[in-house]
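A quick write-up on the structure given underneath.
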Amino acid sequence: MKLKQRVVVLALLLVILVLTKLLLLDRLETSAAQRQDQLSFQRMMSSLKLTMDSRLEHTLQSPWEIASQWVVPREVYPEDTPEMGAVLHAMVTKKIVRADVGYKGTQLKALLVLDGGQKVVFKPKRYSRDYIVEGEPYAGYDRHNAEVAAFHLDRILGFRRAPLVVGRFVNLITEIKPVATEQLLSTFLKQGNNSCFYGKCYYCRETEPACADRETMEGSVTLWLPDVWPLQKHRHPWGRTYREGKLARWEYDESYCDAVKKTSPYDSGPRLLDIIDTAIFDYLIGNADRHHYESFQDDEGASMLILLDNAKSFGNPSLDERSILAPLYQCCIIRVSTWNRLTHLKHGSLRSALLSATAHDPIYPVLSEAHLEALERRLQGILGTVQQCIDQFGNDVVMVEDRMTLSHL
């Protein structure tokens, strides 16, 4: 063999060796990431069931200080939270020292201050667990139990982007009225033997109050995020028009995602993948009302999309509103870690995980059996949608490693 031919053969062999090594390294990295996701799933499952206990060991900090220190740009709480039960216990039991009308919005809520200065948002019970909200997927009053269930689903999915929520019973006469502001007090009334209030909000009406069972009202309390983390509001790129006969662009333009990818902050960084995670989260809970979303201020797109206001969820267990998944099926990308977590939750694991996670809650059972079955069915719909994307574009295009940015899209 001539020298020139030998050089060519050696060069080809070298290229093959390099490519083989790169492929093996990639497979090793993928395998390592899968093992890490598997371990993360196992840790989550083992820590789901919480003990509602006031004890905080090995610290002199208050529950509020601990929860405040958990918050970072990409998490509301960390993966390992042995103090979670104590913080939720404090949210349930601490004395209410002030009660006021809720912050601006469309739905009834109250802003409470608990002993120690911690603010929480109280959303009252409006429906029984098996009540079915008919009409548009965003119809009806807020569902307090939906906030509780959504928080624990956030834990199960490993997103850790939802503020802490827990169910609580409050006595309107002995706990709320003595510490209520005049503005809130002016909305109190009686219907038969039941104490009620209608608060201040866009849709709040004296004719549609929330009523206690005599004096005791069931509701949810959501932990207020620390003031050192001010929020910034954004219009959701896949938001609805809420106007009959008028469609948003994404509802008729199947290439809409291409336009979104050219717009900040979706052209780089984690925000578009957060949008897709949120679409998956919202589809599972049946939330078609995320017209805006919040992140932390001055984040330049690096902050997480915070999963606030999840109460327009779990309204109709028979309705699977596929349009909620538009960011997923139009962009056809998903985080590898999200995909791995979803596949781990197949075959009834999601249902059992949510039951375990909420077993401690004062308002347990949080969801009806029909809503638990809907979660399982919707999970299969998500997995099927991702598989369709893989069949069309290939695994390498659809699956995005968590560490990757989207500047290449």
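Sequence positions, counted from 1, serve as the residue numbers for this chain. Computed from heavy atoms alone, side chains included, the values below leave out hydrogens, waters and symmetry copies.
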Any side-chain heavy-atom pair of Tyr77 and Phe151 under 4.5 Å: yes
Polar contact flag, side-chain donor to acceptor under 3.5 angstrom, Gln38-His344: yes
Aromatic ring pairing Tyr266/Tyr293, orientation class (parallel under 30°, perpendicular over 60°, tilted between): perpendicular
Chi angles and distances behind the side-chain hydrogen bond (donor to acceptor under 3.5 Å, both in side chains) call for His234, Glu294: CA-CA 6 Å; His234 309 265; Glu294 285 81 14; over 6 Å; no
Non-hydrogen side-chain atoms of Leu172 and Glu215 separated by less than 4.5 Å: no
Side-chain heavy atoms of Tyr329 within contact of Gln388, under 4.5 Å: no
Leu184 backbone acceptor or donor facing Thr187 side chain under 3.5 Å: yes
Test item: side-chain donor near acceptor, Asp289 and Tyr242, under 3.5 Å: yes
Side chain to side chain, Ile96 and Val170, heavy atoms closer than 4.5 Å: yes
Intermediate values then yes/no, salt bridge (Lys or Arg N to Asp or Glu O under 4.0 Å), Lys123 and Asp142: CA-CA 8 Å; Lys123 295 189 177 181; Asp142 274 359; 3.6 Å; yes
Heavy-atom closest contact (Cys204 atom, Gln107 atom, distance): SG-C, 4.4 Å
Test log, rule side-chain hydrogen bond (donor to acceptor under 3.5 Å, both in side chains), inputs Arg322 and Thr385: CA-CA 10 Å; Arg322 181 168 165 75; Thr385 298; 3.0 Å; yes
Donor-acceptor side-chain pairing of Arg240 and Ser323 below 3.5 angstrom: yes
Residue pair Asp130 / Ser368, side-chain donor-acceptor N/O under 3.5 Å: no
Trace of the salt bridge (Lys or Arg N to Asp or Glu O under 4.0 Å) decision for Lys261 with Asp267: CA-CA 5 Å; Lys261 289 176 183 177; Asp267 56 347; over 6 Å; no
Neighbour count above 12 (heavy atom, 6.0 Å) for His292 NE2: yes
Check: Trp70 side chain, Glu65 main-chain N or O, donor-acceptor pair, under 3.5 Å: no
Member of Asp277, Asp154, Thr278 meeting the side chain to side chain donor-acceptor pair (under 3.5 Å) criterion with Arg161: Asp277
Candidate pair Arg335 and Asp274, rule salt bridge (Lys or Arg N to Asp or Glu O under 4.0 Å), full reasoning: CA-CA 9 Å; Arg335 282 189 172 104; Asp274 283 359; 3.0 Å; yes
More than 12 heavy atoms of other groups within 6.0 Å of Gln380 CD: yes
Within-4.5 Å side-chain heavy-atom neighbours: Arg160 and Val76: no
Heavy-atom pair with the smallest gap, counting every atom of Ala86 and Leu56: CB-CD2, 3.5 Å
Distance, nearest 0.5 Å, that separates CG of Asn287 from OG of Ser313: 4.0 Å
Heavy-atom closest pair, residues Thr81 and Pro78: CG2-O, 3.1 Å
Spacing of NE2 belonging to His347 relative to CG belonging to Leu345, to within rounding of 0.5 Å: 11.0 Å
Residue among Tyr141, Tyr198, Tyr203 satisfying side chain to side chain donor-acceptor pair (under 3.5 Å) with Glu208: Tyr141
CA sep, side-chain torsions, deciding dist, call: Glu376, Arg351, salt bridge (Lys or Arg N to Asp or Glu O under 4.0 Å): CA-CA 7 Å; Glu376 290 292 328; Arg351 179 185 182 280; over 6 Å; no
Polar contact flag, side-chain donor to acceptor under 3.5 angstrom, Asn310-Arg290: yes
Cystine candidate Cys257-Cys332, SG separation under 2.5 Å: no
Close side-chain approach of Arg98 to Leu111, heavy-atom, < 4.5 Å: no
Spacing of CD1 belonging to Ile280 relative to CG belonging to Asp282, to within rounding of 0.5 Å: 10.5 Å
pair Tyr131-Arg126: side-chain heavy atoms closer than 4.5 Å: no
Whether over 12 other heavy atoms sit under 6.0 Å from Lys246 NZ: no
Thr51 vs Asp53, side-chain hydrogen bond (donor to acceptor under 3.5 Å, both in side chains): CA-CA, chis, key distance, verdict: CA-CA 6 Å; Thr51 302; Asp53 194 328; over 6 Å; no
Donor on one side chain, acceptor on other, Glu83 and Gln61, under 3.5 Å: no
Of Leu273, Leu272, Ile276, the residue whose pairing with Pro327 passes side chain to side chain contact (heavy atoms under 4.5 Å, CB included): Ile276
Polar contact flag, side-chain donor to acceptor under 3.5 angstrom, Trp238-Glu251: no
Pairwise side-chain contact, Lys95 with Leu114, heavy-atom cut-off 4.5 Å (strictly under): no
Donor-acceptor pair between Arg155 and His152 side chains, under 3.5 angstrom: yes
Pairwise distance CD1(Ile176) to CE(Met217) - rounded to 0.5 angstrom: 9.0 Å
Rounded distance [0.5 Å steps], NE2 in His144 versus NZ in Lys125: 6.0 Å
Step-by-step side-chain hydrogen bond (donor to acceptor under 3.5 Å, both in side chains) determination, Arg143 to Ser220: CA-CA 9 Å; Arg143 276 77 80 177; Ser220 65; over 6 Å; no
Other residues, nucleotides, ligands: >12 heavy atoms within 6.0 Å of Arg377 CZ: yes
Atom pair SG (Cys211) and CG (Asn193), whose distance is rounded to the nearest 0.5 Å: 11.5 Å
Where His360 and Leu88 come nearest, the two heavy atoms and their spacing: NE2-CD1, 3.7 Å
Atom of Pro317, atom of Ala374 and distance for their closest heavy-atom approach: O-CB, 3.4 Å
Exercise: do Thr93 and Arg168 side chains pair donor with acceptor under 3.5 Å: no
